[in-house]
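Just below is one structure, and these are the notes that go with it.
We name chains A, B, ... by the order of the sequence lines, and we start the count at 1 in each one.
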There are 2 protein chains.
Amino acid sequence: MTAGRVPVERRRRRPTKAGTVLTEELIVDCALRLAGEHGAEALSVRRLGAALGCDPSALYRYFHDTDDLLLAVADRIIGESMEGFVPEGDWLDGLRAMARRVYAGYSRHPRIAALAAYRVTRRPHEFRAVDTGIGLMLEGGFDEADAVRNYAAFIDTVLGHAALDAAHLALAPERRGADTRAWADAYQALPSATHPRLAQVRGQLPLMGESSFETALGLFLAALEVRAAGAAG
Amino acid sequence: MTAGRVPVERRRRRPTKAGTVLTEELIVDCALRLAGEHGAEALSVRRLGAALGCDPSALYRYFHDTDDLLLAVADRIIGESMEGFVPEGDWLDGLRAMARRVYAGYSRHPRIAALAAYRVTRRPHEFRAVDTGIGLMLEGGFDEADAVRNYAAFIDTVLGHAALDAAHLALAPERRGADTRAWADAYQALPSATHPRLAQVRGQLPLMGESSFETALGLFLAALEVRAAGAAG
DNA sequence: GCCCTTATGTCAACACCATTGACGCAATGT
DNA sequence: ACATTGCGTCAATGGTGTTGACATAAGGGC
């Protein structure tokens with residue numbers, strides 16, 4: 001009935017045919033579990049309905065459409081990642097810890113992350129995380145505009161790497177293997193006549209198959225430290 | 001017939017019902033055009049077949065499956081991006097120019113980029129680009145392992161931002177608007193009691209809606225310059 | 001110039017998918 | 001006890017990728 005998500009307090013709770021009582025929370029739980037166990041392709045309205053023991057169309061009483069559901073799941077992941085986070089040490093340590101938490105959180109749910117990492121959830125857990133992150137930038141001594149700009153660059157870098165690595169993890173095993181092996185196979189085979197630099201570093205190419213998140217994070221934060229010193233001094 | 005992509009030189013060329021003669025190249029062209037004109041959701045085997053004037057299943061004679069086709073399209077984008085690229089200035093200028101080219105290339109095809117930016121195409125244009133990029137790192141004075149590691153971090157950062165921004169551009173207009181407005185609406189409305197840092201920088205929040213690519217790129221390259229000086233000295 | 005082989009375009013079918021409108025049960029407030 | 005209505009269910013629509021069997025025409029050998 002295209003009514004979409006019911007905003008106000010829900011009153012009538014009728015158990016489904018299978019006996020469970022649906023909740024926005026329960027649905028998000030189930031979606032997360034389902035996507036984790038069997039691929040992201042298992043995350044369809046139909047399978048979700050089957051797993052919950054209800055008719056697929058029942059979900060439309062709780063979420064406007066699948067995108068809406070996806071955002072709810074993404075916000076849950078942000079919440080999990082940042083739960084109990086209290087920055088320790090200086091602002092750089094705080095940012096580093098936050099980056100690792102967010103990255104790890106999305107890595108724990110690669111199938112979802114690949115779809116949702118780049119979205120703005122506009123939901124409570126995200127609000128809290130952005131508040132925390134911008135707070136750390138302000139601690140670093142940046143003015144308000146730079147704090148926001150730097151936070152945007154920071155979180156986009158983290159999310160970009162998270163999405164990249166998650167997408168790789170989320171590939172079907174056969175495909176993931178092919179992508180990883182590419183660096184040891186296809187790239188090894190290129191002749192030095194046409195690809196001299198590749199041939200030169202041939203022995204190191206398997207490094208391309210590993211995550212570059214920590215390298216990129218280290219570089220980013222080092223640059224931020226320099227810039228903060230400049231802003232203060 | 002599940003034969004998949006025909007590897008060797010194709011001999012018999014039979015025109016389709018509509019008279020066109022299919023080619024791997026022609027199909028990639030058409031896919032790129034189709035995804036550009038009407039959303040990425042328009043990029044389906046059936047629509048592609050319709051646009052080419054052939055039966056949808058004919059495409060399976062040229063590509064093993066849609067993922068295979070996607071990689072071919074992605075490689076074409078890389079080729080377009082790097083076409084005629086000759087690094088000018090020092091290695092940092094070269095990396096900056098390369099980053100901007102790749103970012104722009106994917107931005108020109110956001111619907112594809114959102115799907116393909118994180119894949120390894122294992123195809124000629126990608127080989128060439130990686131060879132070029134690692135060459136620039138070697139010019140910077142890094143040893144072979146660091147050159148590969150830094151190139152991985154570099155290209156992943158660029159691709160991550162490209163995918164992030166592309167995914168945003170690729171959203172349905174109504175959804176994109178909602179995501180962008182979030183920073184000016186939902187985030188503005190949060191009370192300073194619960195979200196003090198957000199309230200403090202309230203005026204600057206719309207900056208979050210803009211791309212952070214240039215900021216992140218600047219920071220990344222600045223850090224790389226410092227590290228290169230350390231490696232040399 | 002014919003025939004044989006085979007590459008490749010076409011057809012039909014399968015098993016999925018998201019979404020919607022009508023329907024009706026049952027839980028709730030009176 | 002009743003009326004209201006939230007919400008779970010059903011059925012249907014129009015999309016998707018992929019496959020196997022089939023038919024046809026192109027090209028090579030003679």
What is the distance from CG of B:Leu26 to C1' of C:dG9, rounded to the nearest Å? 15 Å

Quick check: any donor-acceptor pair below 3.5 Å linking the side-chain of B:Ser57 to the base of C:dC11? yes

When you match A:Asp55 and A:Ser44 each to their closest nucleotide on DNA chain C, which lands nearer the 5' end? A:Ser44

Distance in angstrom units between B:Leu22 CG and D:dT24 P, rounded: 18 Å

Measure CZ/A:Arg61 against C1'/C:dC25 and give the value in whole Å, please. 13 Å

Tell me the ring pair (Phe, Tyr, Trp, His ring centres under 6.0 Å) pairs involving residues 104-123 of chain A, sequence neighbours left out? none

To the nearest angstrom, the CG-C1' distance between A:Asp67 and C:dC17 comes to 16 Å

Can you tell me how far P of C:dC17 sits from CG of A:Leu115, to the nearest Å? 15 Å

Rounded to whole angstroms, how far apart are CZ on A:Arg47 and P on C:dA15? 14 Å

Quick one: does A:Arg101's side chain have a donor or acceptor within less than 3.5 Å of a partner on A:Ser81's backbone? yes

Taking CG from A:Leu59 and P from D:dG8, how many angstroms apart are they, rounded to a whole number? 9 Å

Tell me, which pairs form a salt bridge (charged side-chain N to carboxylate O under 4.0 Å, His left out) where one or both residues lie in residues 111-120 of chain B, sequence neighbours left out? A:Asp179-B:Arg119, B:Asp67-B:Arg119

Walking DNA chain D from its 5' end, the first of A:Arg46 and A:Ala58 to be reached, judged by nearest nucleotide, is A:Ala58

In terms of side-chain heavy atoms of B:Tyr60, which of C:dT19, D:dT18, C:dC17 is nearest? D:dT18

Closest to the B:Tyr62 side chain, choosing from C:dT19, D:dT9, C:dG9: C:dG9

Got a sec: does the CD of A:Glu37 have more than 12 other heavy atoms crowding it under 6.0 Å? yes

Distance in angstrom units between B:Ile27 CD1 and C:dT8 C1', rounded: 11 Å

